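Counting begins at 1 with the first residue of the sequence. Quick caveat: nothing in here was measured; it's all calculated off a predicted structure.
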Amino acid sequence: MCGLAGLALRAGENPGPQVLEALTGALAHRGPDGQGCHVAGNAALTHARLSIIDLETGQQPLLAGGAALVANGEIYNYRELRDAHGLSCLTASDCEPPLHLYRRDGLGFVEGLRGMYAIALHDRAHRRMVLARDPFGIKPLYVAEVPGGLAFASEMQALVAAGLVAPRVREEARDELLQLQFTTGAETILSGITRLLPGESLTIADGRVTERRRRAALPEGGPEAIGEEEAIARFDAAFEESVSLHQRSDVPYGLFLSGGTDSAAVLAMMARLNENPVTAFTAGFDVKGAADEREAARRAAQAAGARHVEVEVTEVMVLRHLPEIVACMDDPAADYAIIPSWFLARRAREEVKVVLSGEGGDEMLGGYGRYRAAMRPWWRWGRAMRSRGAFDRLGVLREEPPSWRDGIAAAEAEAAEGGRTRLQAAQALDVADWLPNDLLLKLDRCLMAYGVEGRTPFLDPGMAEACFRLPDSLKVRRGQGKWLLREWLNRRFPASEPFRPKQGFTVPVGAWIAAHAERLGPMVARQECIAEICRPGRVEALFRAASGKREGAASWHLLFYALWHRRHVEGVPAEGSVFDYLG
């Protein structure tokens, strides 16, 4: 797990050392354990390392036969790749096998990789740069056109900090952010910066993109014919293999444990595979009536013999640190789960450098309530996912954004292809945008702020093969999603109470905002980025009503955007409390 950046320029252009230093410095929080650099003519790679595997000889860039590679992430099946292909490696690094596979197979080198990765590889002999991202988009990579060619980095803010891109907001993406809480597709919220899409590989020669390829995250086809017992056995085998691979580490690891089924399943499998007690971290809140998962997590941890660490997130802590938390999200996602994730990462870093988590369980096994609504035809109250924006009919925005749903609509059309059921199409839609641009983005930025690596064993090619094409009836049954996972837990780990109704993970942002609405509302309303899009007086009224569900969500989106804009567009360092920062 690390940060990478680089330049791929036209012939005759040379990377400047000041730019490379600025790129590396801006990514230092992602890799506090070392730095590396490779410059060859018009190409350059930089690397900030977080040492997880091969602590002694795993420094990057890795070099072989005129090619150089830097990577962010982990290739979990590196041992199998090394043995199966007879690779002669000079290090024990998980990132060296891809370099040798590229030299042998060219652009097809990613096909056998199991892991989370963003890779940049300079091939001096063929005068090209190759960039690649894992199929689920667990690890980020951004590309920008700059004078002389292209630049890339693990975070957008590094490209801005190095003076390569000016931070100008795209209105279309801003509207998406406010209405959806995240942005879709390849275009980011900053003009001139694009995302490498999940599973995408691209080739750069003479400062321009010459080829693009895409590796799919999900298998093709509709549901396959398989019975319950066979499906449970197949899930058990695939999940055991995935968790075992995701535990490969030369440093201590733990688990983020909520009160839900996904992280409980990871806990159960980790307890099966580990002789020593697993360390599990759980967040809770100080607001009366908030959905606090600590009690359920505590029971599960005790039953699994885990060591349980609880982190209480209070209103005072949030108001004091929220500018820092939002500052992590240079690619913005207004997901209130960034708050507990940031505090959990801060606590976890005191003991571990790696945490496993349950992201992806809902998407792989059909857990969300919105999936059940999408399965129904319209005459039975079915509805498309994300058909209503956060600000619809609230009367807050000066203009209702006309095209905020265009990106989702395009992804919907693609997700429905290939004979998929309504449920599969809904799952595929979330895998395309919600996962990489919200949940995984949150996990990456909040954990990397403290140099902690987050791993997601549900998001693995083997798990996708085992789960995605299951019959709908093994995913949704009797009004509950993730039936197969619940039944597996009921047999293997009944203490997790898998058939308990899904509570949903909520953070009491509405209550926190409402408690300070008289002070906070006017502060947010005065921000230029808010005043230009909102009607006079409506922001203050919205914040006063923030105890309501819709009003609380919309208030949070505006507060998030105001803080994000101040840091990543206006360039104001994230220091002090919310009131200091916006005052």
Side-chain angles (χ1 to χ4, degrees), residues 1-6 23 26-27 29-31 45-53 58 60 62 69-78 93-95 97-99 109-110 113-121 130-143 152-159 182 186 188 193-202 214-215 217 242 245-246 248-249 328-331 333 341 345 353-357 359-360 431-461 464:
M1 180 68 70
C2 310
L4 67 86
L23 287 169
L27 297 171
H29 57 282
R30 298 184 68 91
L45 301 172
T46 70
H47 191 257
R49 187 184 186 210
L50 179 66
S51 302
I52 302 295
I53 291 176
Q60 298 183 30
L62 293 161
L69 177 147
V70 292
N72 167 31
E74 302 289 352
I75 308 302
Y76 300 124
N77 64 333
Y78 70 102
S93 170
D94 59 292
C95 295
L99 177 59
F109 78 105
V110 298
L113 304 185
R114 290 180 69 173
M116 53 179 185
Y117 57 83
I119 292 172
L121 191 154
V130 176
L131 306 181
R133 190 179 179 199
D134 69 79
F136 290 101
I138 305 170
K139 291 294 100 187
L141 192 56
Y142 300 88
V143 181
F152 51 90
S154 294
E155 296 182 6
M156 294 199 305
Q157 59 86 19
L159 299 169
F182 64 96
T188 71
I193 301 180
T194 61
R195 304 180 181 104
L196 202 65
L197 291 172
E200 190 173 32
S201 298
L202 60 83
R214 193 88 184 268
R215 179 185 175 194
S242 182
L245 288 173
H246 280 72
R248 287 183 172 174
S249 172
C328 296
M329 305 299 296
D330 61 315
D331 188 354
S341 297
K353 292 177 77 172
V354 173
V355 291
L356 278 67
S357 68
E359 272 82 2
V431 169
D433 271 307
W434 160 256
L435 261 177
N437 300 328
D438 189 303
L439 294 190
L440 298 174
L441 184 65
K442 167 211 70 180
L443 191 70
D444 176 81
R445 296 304 201 277
C446 291
L447 271 64
M448 291 310 296
Y450 285 99
V452 177
E453 176 172 295
R455 298 181 175 182
T456 53
F458 279 104
L459 299 176
D460 171 80

* To do: Take Arg445 and His29 through the side chain to side chain contact (heavy atoms under 4.5 Å, CB included) test and state the conclusion after the steps.
  => CA-CA 10 Å; Arg445 296 304 201 277; His29 57 282; over 6 Å; no

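- Put simply, the side chain of Asn77 gets close to the backbone of Arg114: a donor and an acceptor are under 3.5 Å apart.
- Nearest heavy-atom pair across Leu27 and Gly3 is CD1-C, 4.1 Å.
- Between the side chains of Asp331 and Tyr142, at least one donor N or O lies within less than 3.5 Å of an accepting N or O.
- Contact between Ile53 and Ser249 at its shortest, heavy atoms only, is CG1-CA, 4.1 Å.
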* Trace of the side chain to side chain contact (heavy atoms under 4.5 Å, CB included) decision for Leu113 with Ile119 -> CA-CA 12 Å; Leu113 304 185; Ile119 292 172; 4.1 Å; yes

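- The two residues Ala345 and Cys446 make their nearest non-hydrogen contact at CB-O, 3.6 Å.
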* Kindly determine whether Glu155 and Arg30 satisfy salt bridge (Lys or Arg N to Asp or Glu O under 4.0 Å), including the steps that lead there. => CA-CA 10 Å; Glu155 296 182 6; Arg30 298 184 68 91; 2.9 Å; yes

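- Side-chain contact between Val143 and Ile193 is absent, with no heavy-atom pair separated by less than 4.5 Å.
- A distance of 11.5 Å separates CG of Leu443 from CG of Asp438, quoted to the nearest 0.5 Å.
- Taking all atoms of both residues into account, the shortest heavy-atom contact from Pro140 to Asn72 is CD-ND2, 3.9 Å.
- For the pair Phe458 and Ser357, the minimum side-chain heavy-atom distance is 4.5 Å or more.
- Taking both residues in full, the closest heavy atoms of Leu141 and Ala153 are given as CD1-O, 3.5 Å, listed atom of the first, atom of the second, then distance.
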* Verdict with reasoning, Leu459 to Leu440, per side chain to side chain contact (heavy atoms under 4.5 Å, CB included) -> CA-CA 10 Å; Leu459 299 176; Leu440 298 174; 3.8 Å; yes

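- At a threshold of 4.5 Å between non-hydrogen side-chain atoms, the residues Ile75 and Pro98 count as touching.
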* What's the verdict on side chain to side chain contact (heavy atoms under 4.5 Å, CB included) for Asn437 and Arg195, showing C-alpha distance, side-chain angles and the deciding distance? -> CA-CA 10 Å; Asn437 300 328; Arg195 304 180 181 104; 3.4 Å; yes

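- When all heavy atoms of Cys95 and Ala71 are compared, the pair lying nearest together is SG-CB, 3.7 Å.
- In this structure, Gln157 contributes its side chain and Ala26 its backbone to a donor-acceptor pair below 3.5 Å.
- How far CG of Asp444 is from OG1 of Thr456: 11.0 Å, rounded to the nearest 0.5 Å.
- At least one donor-acceptor pair under 3.5 Å links the side chain of Ser242 to the backbone N or O of Pro457.
- The OG atom of Ser341 lies 9.5 Å from the CG atom of Leu439; values are rounded to the nearest 0.5 Å.
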* **Chi angles and distances behind the salt bridge (Lys or Arg N to Asp or Glu O under 4.0 Å) call for Lys442, Glu359** => CA-CA 11 Å; Lys442 167 211 70 180; Glu359 272 82 2; 3.1 Å; yes

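- Side-chain contact between Leu435 and Leu441 is absent, with no heavy-atom pair separated by less than 4.5 Å.
- Between Lys139 and Arg133, the closest side-chain pair of non-hydrogen atoms is not below 4.5 Å.
- Proximity of a side-chain donor or acceptor of Arg455 to a complementary backbone N or O of His246 within less than 3.5 Å is detected.
- For the pair Ile138/Tyr117, no side-chain contact is recorded, criterion being any heavy-atom separation below 4.5 Å from C-beta on.
- Using a 4.5 Å heavy-atom threshold, the side chains of Glu453 and Leu447 count as separate.
- Expressed to the nearest 0.5 Å, how far CZ of Arg49 lies from CG of Leu4 amounts to 14.0 Å.
- Using a 4.5 Å heavy-atom cutoff, the side chains of Ser201 and Leu131 are not in contact.
- Judged by distance alone, the side chain of Glu74 and the main-chain N or O of Asp94 form no donor-acceptor pair under 3.5 Å.
- The OH atom of Tyr76 lies 3.5 Å from the CE atom of Met116; values are rounded to the nearest 0.5 Å.
- Atom OG1 of residue Thr194 and atom CZ of residue Phe152 lie 12.5 Å apart, to the nearest 0.5 angstrom.
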